[in-house]
Structures are given as structure tokens and as C-alpha cells.
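Single-structure report; data block below.
Numbers restart at 1 for each chain; the letters A, B, ... are given by sequence-line order, proteins then strands.
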Amino acid sequence: MKQEISALMDGELFEDEAENLLGRIKRDSDAHGDWEIYHLIGDVLRQPEHVHCDLSAKVRKRMQDEPIVLAPHGRAVKQKMRTVALSAAASLAAVGVVAWMSLQIGHETVPQMAMKQPVLRPASAQIRPKANDYLMAHHEFSPRIIDMSGGASYIHTIAYTNNEK
Amino acid sequence: MSDREVDQQLVERVQRGDKHAFDLLVSKYQRKLGRLISRFVRDPAEAEDVTQDAFIKAYRALPGFRGESAFYTWLYRIGINTAKNHLLANKRRPMSNMSFDAEDAESFEDASLLREVSTPENELMSKQVVDAVQTSLQQLPEDLRSALTLREIEGLSYEEIASVMNCPIGTVRSRIFRAREAVAENLRPLLETSKNNRW
């Protein structure tokens, strides 16, 4: 924990780590003492000419008479709301871009696909009797239906183009 | 997160009703604010009282602090105003050479003036603490001493220190901590004995 305090006062912890550590320092007077003494060392190294006497105990004593301050609609709340709003706006923008791109792709490819696609007809209406017998006789040798079971193994999709008539 | 963001996080905790977080801010800024105020208020005992007043005013004003400036800039401004108001209330004018803004407060240097306003008692305590810190620093292994010096005096980030010392950031973090802890070990007995003597 001491090493984390050292890193916290150098601004080298992530936000969630810092939040967690500050909660632990609150419950641990030794940790508070470490925070104080590490700051004293820094101040002495930077300004050895004048090291002010420790006021924290006196301020703490005076603070006991002070009411708890609360700022429920403070910056933290506003910042969180702004973050949520920005996230939502970014998500909407992303969805919009994807939709627009898919529309663009759709316009280009649909006519090409329509030109190449053969005209499909219902198999039951167009299947020829010979072909039907042949398929019924050989369906169980088909490698694609080995794992299938029940009535599904008898399902076949057959298509004819106009030229085959 | 930066040092300023750590302060902001502490401020937000205070704004949510956590008084202890304000304690941490006091521990962090008491000497800097005290030095600043002693440039206006020359009597050390008065300067100490004004510094306490400034912290209490800052606490009361914290619900209105929106983080538009750094916390320490805001705090120093309160400190300067409190000192000036104190002098006016006592029908004294602020010293003429003390015209600087809160933004300049971090960098001010006037050791001769600060020595002038210190009491013999304060001076002795300060000297003991400074000696303990500097002796401990000299006794540290070179790598620990360099890491702590680069951080505290040069103000480099861990990443920059890692680059200077050619080692991983994790090593920098560990060296700085070990250096601080070694110095703190030598300082703790001194602070324990001084606790009842205005330290």
C-alpha cells in the first residue's frame, strides 16, 4: 500500500486505482501518516530553506466544527453525464455510418445479382418424375446428409433455368 | 492520471461529503500555502493562523469549485486574499514587493525573507528535519537517490525517469518508493518527538 501511496502522489496511478486507494487511506491512519511524510520529504527536497511547521492537526481540529460540504450536481456528475452523452452520440454516429455504407453497397450489387440469378421455381411443381425417383433412391449416399436425421434428410432444393425446359 | 487529476479526485470526494479527503489536501499543500502567506504576513504565529483560515475558507468554498483551474491555483488565490484581508483588517498594508499572482506562487523564491520571519524554535525544527532528509538521501544507493531526485527536484514523470535511467517504469516506481521509505524511516522518530512542539 505504501508503494501505491508513493505512486499516487506522483500522479502515476490509474483513476480507478487512485479512487480505491483513497478509500483505503481514509480507513488507515498509518497510510495517512505515510502520505504526510512523503509530501514533507518532497517539500524539504524542493525548498530546504523553509520548512513550515505542521498545520494539518490544527486544521483538522478546526474542521470538526465545520459542516460537511456537499455538491451533488458538481463537476463529477456533469462530467459523467457528458461522457454518457458523448458515448451515445458516438454509437449513433457509428450505426449511421454502417447503415449508410450498407445502403451504398446494396445499390451497387443488387442489380448485378439479379442479372446472374437464375429464375427459381418450386421444386414440387417442376420436378420431373424420373429425377424424383433417382433422388429418393440415392439420397442416403449423399455425404451432406450423413449427419442429418429424420425427415430433414429427404428435403432437397432443386432449381431449373428456363433453358432446361 | 496527473497530479492535477489526483487533486481533482480529492476535491470531488470532499464535494461528496468526505472530510478526510480535505485532510489529504491540507497535508499536501500546507507548507506551500504557509510559505506563500508568510510573504504577506511577516509574524510567524499570525502567518500560521492565516494559513489555517485560508484552508477553512477553501473548504467552505469547495462546493463552488468547478475544476476550471487547478486546485492549487484556486487555493493560492484564496490564500493571497485571506492574507491581504488579514492585513487590511489590522490596518496594515501588504508589503510593497509582494505583488504576484497565484499562478506565480509555485515558483517564488525568497529564502532571506523566509529566514527573517522564522522563529528560532521553527528554525531549529526545520534544520533538524532538513538535515535528516539530506543525510538520509546521501546514504541511499545511487540508483534510489537519482530516481527520487529526478522525481522530486526535477519533476520528471516515471516515463521520463525510466528513459533517463534506462530501466523499466516499474523499476522507477519501486526505486522512488524505496528511497522515500528509507528517508521516512529516519524522519519518523524526529517527527514523533517534535509532535508536541508545534511541529
Side-chain angles (χ1 to χ4, degrees), chain A residues 2-19 22-23 25-27 32-72 74-79, chain B residues 1-3 5-6 9-10 12-24 26-28 30-32 34-35 48 51-52 55-56 59-60 62-63 66-67 111 114-115 118 122 125-126 129-130 133-134 137 149 151-153 157-158 173-174 176-177 180-181 183-184 187-188 191 198-199:
Chain A
K2 286 182 174 189
Q3 187 165 345
E4 286 176 280
I5 292 170
S6 170
L8 174 66
M9 54 180 282
D10 292 332
E12 297 280 353
L13 284 187
F14 291 111
E15 195 174 340
D16 54 337
E17 291 175 318
E19 186 63 28
L22 289 171
I25 292 173
K26 187 181 174 181
R27 296 187 294 272
H32 189 123
D34 293 329
W35 168 273
E36 281 188 358
I37 204 165
Y38 291 168
H39 276 292
L40 172 64
I41 292 167
D43 287 341
V44 170
L45 289 174
R46 281 185 296 272
Q47 302 284 349
E49 298 88 2
H50 179 75
V51 182
H52 203 278
C53 58
D54 186 13
L55 295 176
S56 55
K58 290 177 181 176
V59 175
R60 201 174 303 136
K61 197 175 174 186
R62 285 182 63 178
M63 287 281 295
Q64 285 175 354
D65 300 329
E66 292 295 319
I68 289 173
V69 297
L70 286 172
R75 183 175 173 273
V77 176
K78 281 180 188 170
Q79 199 164 11
Chain B
M1 69 192 304
S2 67
D3 191 37
E5 287 168 332
V6 173
Q9 202 160 7
L10 285 167
E12 286 171 9
R13 288 184 81 99
V14 180
Q15 289 174 332
R16 294 198 299 266
D18 182 356
K19 270 189 179 182
H20 180 265
F22 191 73
D23 249 12
L24 297 177
V26 173
S27 300
K28 181 174 180 178
Q30 56 169 315
R31 279 167 290 273
K32 288 169 189 159
R35 285 186 71 246
E48 192 181 305
T51 308
Q52 289 181 45
F55 274 121
I56 299 296
Y59 176 73
R60 288 173 184 164
L62 259 182
R66 291 188 298 275
L114 293 167
R115 272 195 291 274
S118 292
N122 264 353
M125 284 184 188
S126 297
V129 170
V130 171
V133 171
Q134 289 182 341
L137 189 70
T149 307
R151 173 62 210 155
E152 293 289 20
I153 299 175
S157 68
Y158 284 9
R173 175 174 155 144
S174 164
I176 290 173
F177 158 66
R180 277 189 178 127
E181 193 47 34
V183 177
L187 209 48
R188 282 190 186 105
L191 298 180
R198 291 185 70 237
W199 188 260

Checklist line | Between B:V183, B:V26, B:I56, the one whose heavy-atom pairs under 4.5 Å with chain A are most numerous | finding: B:I56
Next item on the list: Sort B:E181 into side chain, backbone, both or neither according to what part of it lies under 4.5 angstrom from a heavy atom of chain A.
Entry: both
Checklist line | Residue pair A:R46, B:K32: steps toward the side chain to side chain contact (heavy atoms under 4.5 Å, CB included) verdict | finding: CA-CA 11 Å; A:R46 281 185 296 272; B:K32 288 169 189 159; 4.1 Å; yes
Next item on the list: Taking all non-hydrogen atoms of both residues into account, name the closest pair between B:A21 and B:V14 and its distance.
Entry: CB-CG2, 3.7 Å
Notebook entry, point to check: If you look at every heavy atom in A:L55 and B:E48, which pair is closest and at what distance?
Noted result: CD2-CG, 2.9 Å
Note to self: Can you give me the closest heavy-atom contact between A:A18 and A:L8, atom names plus distance?
What the structure shows: CB-CD1, 3.6 Å
Next item on the list: Determine the minimum heavy-atom distance between A:S6 and B:Y158, stating which atoms define it.
Entry: O-OH, 3.7 Å
Checklist line | Side chain / backbone / both / neither for A:F14 at chain B, heavy atoms under 4.5 Å | finding: backbone
Margin query: Counting only non-hydrogen atoms closer than 4.5 Å, does B:T149 touch chain A with its backbone (N, CA, C, O), its side chain (CB onward), both, or neither?
Written below: neither
Notebook entry, point to check: Can you tell which of B:D3, B:L10, B:D23 makes a side-chain contact (heavy atoms from CB on, under 4.5 Å) with B:K28?
Noted result: B:D3
Notebook entry, point to check: Which one, A:D10, A:L45, A:I25, leads in non-hydrogen pairs under 4.5 Å with chain B?
Noted result: A:D10
Check: What closest approach, in Å, do A:Q64 and B:K19 show between heavy atoms, and which atom pair accounts for it?
Finding: O-NZ, 3.8 Å
Next item on the list: Can you see which heavy atom on A:A7 is nearest to which on A:L13, and at what distance?
Entry: CB-CD2, 3.9 Å
Note to self: Report which part of B:F55 has an atom under 4.5 Å of a heavy atom belonging to chain A: side chain, backbone, both, or neither.
What the structure shows: side chain
Note to self: Please rank A:E36, A:Q3, A:K2, A:H39 by heavy-atom pairs under 4.5 Å with chain B and give me the top one.
What the structure shows: A:Q3
Notebook entry, point to check: Heavy-atom distance under 4.5 Å to chain A: side chain of B:V133, backbone, both or neither?
Noted result: side chain
Margin query: Quick check on B:V130 against chain A: is it the side chain, the backbone, both or neither that has a heavy atom closer than 4.5 Å?
Written below: both
Margin query: Looking only at heavy atoms and a cut-off of under 4.5 Å, which of B:E152, B:E5, B:Q134, B:R60 has the most pairs with chain A?
Written below: B:E152
Notebook entry, point to check: Non-hydrogen atoms of chain B under 4.5 Å away: do they reach the side chain of A:E17, the backbone, both or neither?
Noted result: neither
Item checked: chain A contact via B:L24 - side chain, backbone, both or neither, heavy atoms under 4.5 Å -> both
Check: Most heavy-atom pairs under 4.5 angstrom with chain B, which of A:E4, A:E12, A:E15?
Finding: A:E12
Check: Taking B:H20 as the fixed residue, which of A:K26, A:R27, A:H32, A:R60 is the one that meets the side chain to side chain donor-acceptor pair (under 3.5 Å) rule?
Finding: A:H32
Notebook entry, point to check: By a 4.5 Å heavy-atom criterion (distance strictly below it), what part of B:R151 contacts chain A: side chain, backbone, both, or neither?
Noted result: side chain
Notebook entry, point to check: Which residue out of B:G17, B:S27, B:S174, B:S157 racks up the most heavy-atom pairs below 4.5 Å with chain A?
Noted result: B:S27
Checklist line | Side-chain donor or acceptor of B:R180 paired with backbone N/O of A:I37 under 3.5 Å | finding: no
